[in-house]
Enquirer: 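First the structure, which I've put down as structure tokens, then a few questions once you've had a look.
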There are 2 protein chains.
Amino acid sequence: MKQVLKKTHKFVIVAIDVVIFAIKDGILQVLLIKPKQPVFKKSWALPGGMVMPKESVDDAVKRHLFQKAGVSNVHLEQLYTFGSVNRDPFGRVVSVAHFALIPPDKRINLKTTEAYADIKWLRADNLPSLAYDHKEIIMTALERLRSKLAYTNIVYSLLPEQFTMSQMQQVYEVILDRKLDKRNFQKKIKVLNLIKKVGRQKRGEPNRPAELFTFISKKSQTVDVL
Amino acid sequence: MKQVLKKTHKFVIVAIDVVIFAIKDGILQVLLIKPKQPVFKKSWALPGGMVMPKESVDDAVKRHLFQKAGVSNVHLEQLYTFGSVNRDPFGRVVSVAHFALIPPDKRINLKTTEAYADIKWLRADNLPSLAYDHKEIIMTALERLRSKLAYTNIVYSLLPEQFTMSQMQQVYEVILDRKLDKRNFQKKIKVLNLIKKVGRQKRGEPNRPAELFTFISKKSQTVDVL
DNA sequence: ACAAAAGTGTTGGATTTACACCCATGA
DNA sequence: TCATGGGTGTAAATCCAACACTTTTGT
């Protein structure tokens, strides 16, 4: 199919790609697949695929996300549409890039069965060689993620249901790649009224147990965090 | 052609739309066309059109902008991609919406000759009934414009080559729809070092002549304006 | 007892807001 | 001379950044 497209070059195909982020072990990770095409044998690529005529772009993203990562009901956001003529060697494909945020305790179900050879989490700070313009897409997603951390409450999409203040601060530190002051951070978060104590503590570590918090609401809103 | 698409419903067409803003007479205006299709006889619509197989999305926007408004070399920015299934009654069309900013002294050349009956500037604060999902697109563009005024220097794209401080302040007031304090505004702008006095004044009005300024650089940059 | 992370306030500096009068011009 | 918008500074309030010690636990 795609080969035909290349030859005729008569249509513009609409596809989607998703940059899926999660923080695991204090490291920002991106979910990538290993394409089977020989051209990209040495590269990794973003999960994605075509938009079908009878599904919306949003639905296409959800479908591919579920088909490839077995995940649904996560923060999902349109990023940018990449539309240069030669971005895909197999045809004229315009891709509506998105990004997704997955909390670390989310059950996911990676499926290697389909058109790609492998799928796994890779560090965002040490990316392998990437197919298509996917490097650029990931960089754009990272930028967006960084800026949205500062003026929205999306951090809730990267935290488990219950979390400590340090965990929350760590999300900021990992993504922004700088240390924050503990007292100032907690002061700012407190005044925003986004989270509340659950009344239990995280025990079992060889140090003072930390209070557990949870988000009062998980609606996206713009708030001045940093 | 479009009718065929509707029946077969086999392909997704990629199009672009542009929300073209300018401030004229202290009013924020949007450039709209009057479609010829009977369905939209009573509506206005955004200028736009298909992306051809051999042109990039960016090039398609520039082409349509030139074909419809006779304008080139203006601030142009991708906004959002609208991809719901039924947004266009004539077929499955995904539209990559953009916005453009045009300075008031820019020569433009509106062309009513083509597939639409009329083209003209309409007030953004009192929009007519709009075709497709173009109301939503304009609202999204307005939001984006408002937020970018605050953290970038794009205001230069809405001002003539030489301008007074009051003119600049007016751009902010019109778009943000609130009054600003003259002294505080000038203080903030001054510290950003974006503009310089040209050394002449705007005479001819029955009041004290105003200093004229110009932008030191017309590169987009993010700066904390407000 | 010790190591490790949790919790918790204050101060100085920077930034932001509010606010009013005189000036230069054209009519 | 009058009406109009242009140009200009200061003081109070708020916000932000820097900074260190005590607590609680597991081993």
Side-chain angles (χ1 to χ4, degrees), chain A residues 23 25-27 104 146-147 149-151 155 159-160 162-174 176-214 222-226, chain B residues 23 25-27 104 147 149-151 153 155 159-160 162-174 176-214 222-226:
Chain A
I23 292 182
D25 314 317
I27 292 166
R146 288 197 178 110
S147 81
L149 263 196
Y151 72 89
V155 63
L159 285 167
Q162 299 190 355
F163 53 90
T164 67
M165 273 291 185
S166 310
Q167 279 177 284
M168 187 174 182
Q169 184 176 337
Q170 196 189 44
V171 171
Y172 279 87
E173 291 182 339
V174 166
L176 302 179
D177 193 27
R178 63 188 164 101
K179 286 264 167 245
L180 300 176
D181 179 89
K182 195 177 16 162
R183 282 175 286 190
N184 292 338
F185 179 79
Q186 296 191 12
K187 219 183 303 173
K188 281 180 195 163
I189 298 300
K190 183 167 289 173
V191 72
L192 294 176
N193 267 318
L194 297 174
I195 63 176
K196 58 169 192 267
K197 282 191 188 176
V198 353
R200 268 177 305 130
Q201 297 169 323
K202 186 185 187 185
R203 307 189 72 107
E205 255 109 303
N207 51 37
R208 176 168 175 178
E211 285 289 340
L212 285 166
F213 292 82
T214 193
T222 78
V223 285
D224 193 52
V225 184
L226 296 191
Chain B
I23 292 182
D25 313 318
I27 292 166
S147 82
L149 263 196
Y151 72 88
N153 62 346
V155 62
L159 284 167
Q162 299 190 356
F163 54 89
T164 67
M165 273 291 185
S166 312
Q167 279 177 284
M168 188 174 181
Q169 185 176 336
Q170 196 188 43
V171 171
Y172 280 86
E173 292 182 339
V174 166
L176 302 179
D177 195 27
R178 64 187 163 102
K179 285 264 167 242
L180 301 175
D181 180 89
K182 195 177 16 163
R183 279 177 287 193
N184 292 339
F185 179 78
Q186 297 192 12
K187 219 183 301 174
K188 281 182 194 160
I189 297 301
K190 184 168 289 174
V191 73
L192 295 176
N193 265 316
L194 298 173
I195 64 177
K196 58 168 192 267
K197 282 191 188 175
V198 353
R200 268 178 305 129
Q201 298 167 324
K202 186 184 187 185
R203 307 188 71 109
E205 254 110 303
N207 51 36
R208 176 168 175 177
E211 285 288 340
L212 285 166
F213 292 83
T214 193
T222 80
V223 285
D224 194 52
V225 184
L226 295 192

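Letters go in sequence order (proteins before strands), and every chain restarts at 1. Given the structure is predicted, the values throughout are model-derived calculations rather than measurements.
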Enquirer: Which heavy atom in A:T164 sits nearest to a heavy atom in A:A210, and how many Å separate them?
Expert: CG2-CB, 3.6 Å
Enquirer: Does B:N184 or B:T164 map to a spot on DNA chain D nearer the 5' end, using the closest nucleotide for each?
Expert: B:T164
Enquirer: Counting heavy atoms from C-beta on, name the nucleotide in D:dG26, D:dG7, D:dT23 closest to the side chain of A:R208.
Expert: D:dT23
Enquirer: Just the rounded figure in Å: distance from P of D:dA17 to CG of A:D181.
Expert: 10 Å
Enquirer: Phosphate oxygens OP1/OP2 of D:dT25: is one of them under 4.0 Å from a side-chain N or O of A:R203?
Expert: yes
Enquirer: At their closest point, which heavy atom of B:Y172 faces which heavy atom of B:L226, and how far apart are they?
Expert: CD2-CD1, 3.8 Å
Enquirer: Tell me whether the side-chain N/O atoms of A:S166 come closer than 4.0 Å to OP1 or OP2 in C:dA5.
Expert: no
Enquirer: Start at the 5' end of DNA chain D and walk down; is the nucleotide closest to B:Q167 or to A:D224 reached first?
Expert: B:Q167
Enquirer: Could you tell me the separation between the NZ atom of A:K188 and the P atom of D:dA18, rounded to a whole number of Å?
Expert: 10 Å
Enquirer: Over how many whole Å does the gap from A:R178 atom CZ to D:dA17 atom P extend?
Expert: 9 Å
Enquirer: Please confirm whether the backbone N or O of B:L159 pairs with a side-chain atom of B:Q167, one donor and one acceptor, at under 3.5 Å?
Expert: no
Enquirer: B:K187 side chain: which of D:dG26, D:dA20, C:dT17 is closest?
Expert: C:dT17
Enquirer: When you match B:E205 and A:K197 each to their closest nucleotide on DNA chain C, which lands nearer the 5' end?
Expert: A:K197
Enquirer: Kindly compute the distance separating NZ (B:K202) from CD (B:E211), expressed to the nearest 0.5 Å.
Expert: 13.0 Å
Enquirer: When you get a sec, tell me which of D:dT25, D:dG26, D:dG6 is the closest nucleotide to the side chain of A:P206?
Expert: D:dG26
Enquirer: May I have the distance from A:K190 (atom NZ) to D:dC15 (atom P), rounded to whole angstrom?
Expert: 17 Å
Enquirer: To the nearest 0.5 Å, what is the distance between CG (B:L180) and CD (B:Q170)?
Expert: 11.5 Å
Enquirer: Just how far, in rounded Å, is C1' of D:dA17 from CG of A:L226?
Expert: 13 Å
Enquirer: Using atom CG of B:N207 as one end and atom C1' of C:dC23 as the other, report the distance to the nearest whole Å.
Expert: 11 Å
Enquirer: Do A:R183 and D:dA17 have a side chain to base donor-acceptor pair shorter than 3.5 Å?
Expert: no
Enquirer: Expressed as a whole number of angstroms, how long is the span from A:L212:CG to C:dA6:P?
Expert: 11 Å
Enquirer: What is the distance from CZ of B:F213 to C1' of D:dG6, rounded to the nearest Å?
Expert: 11 Å
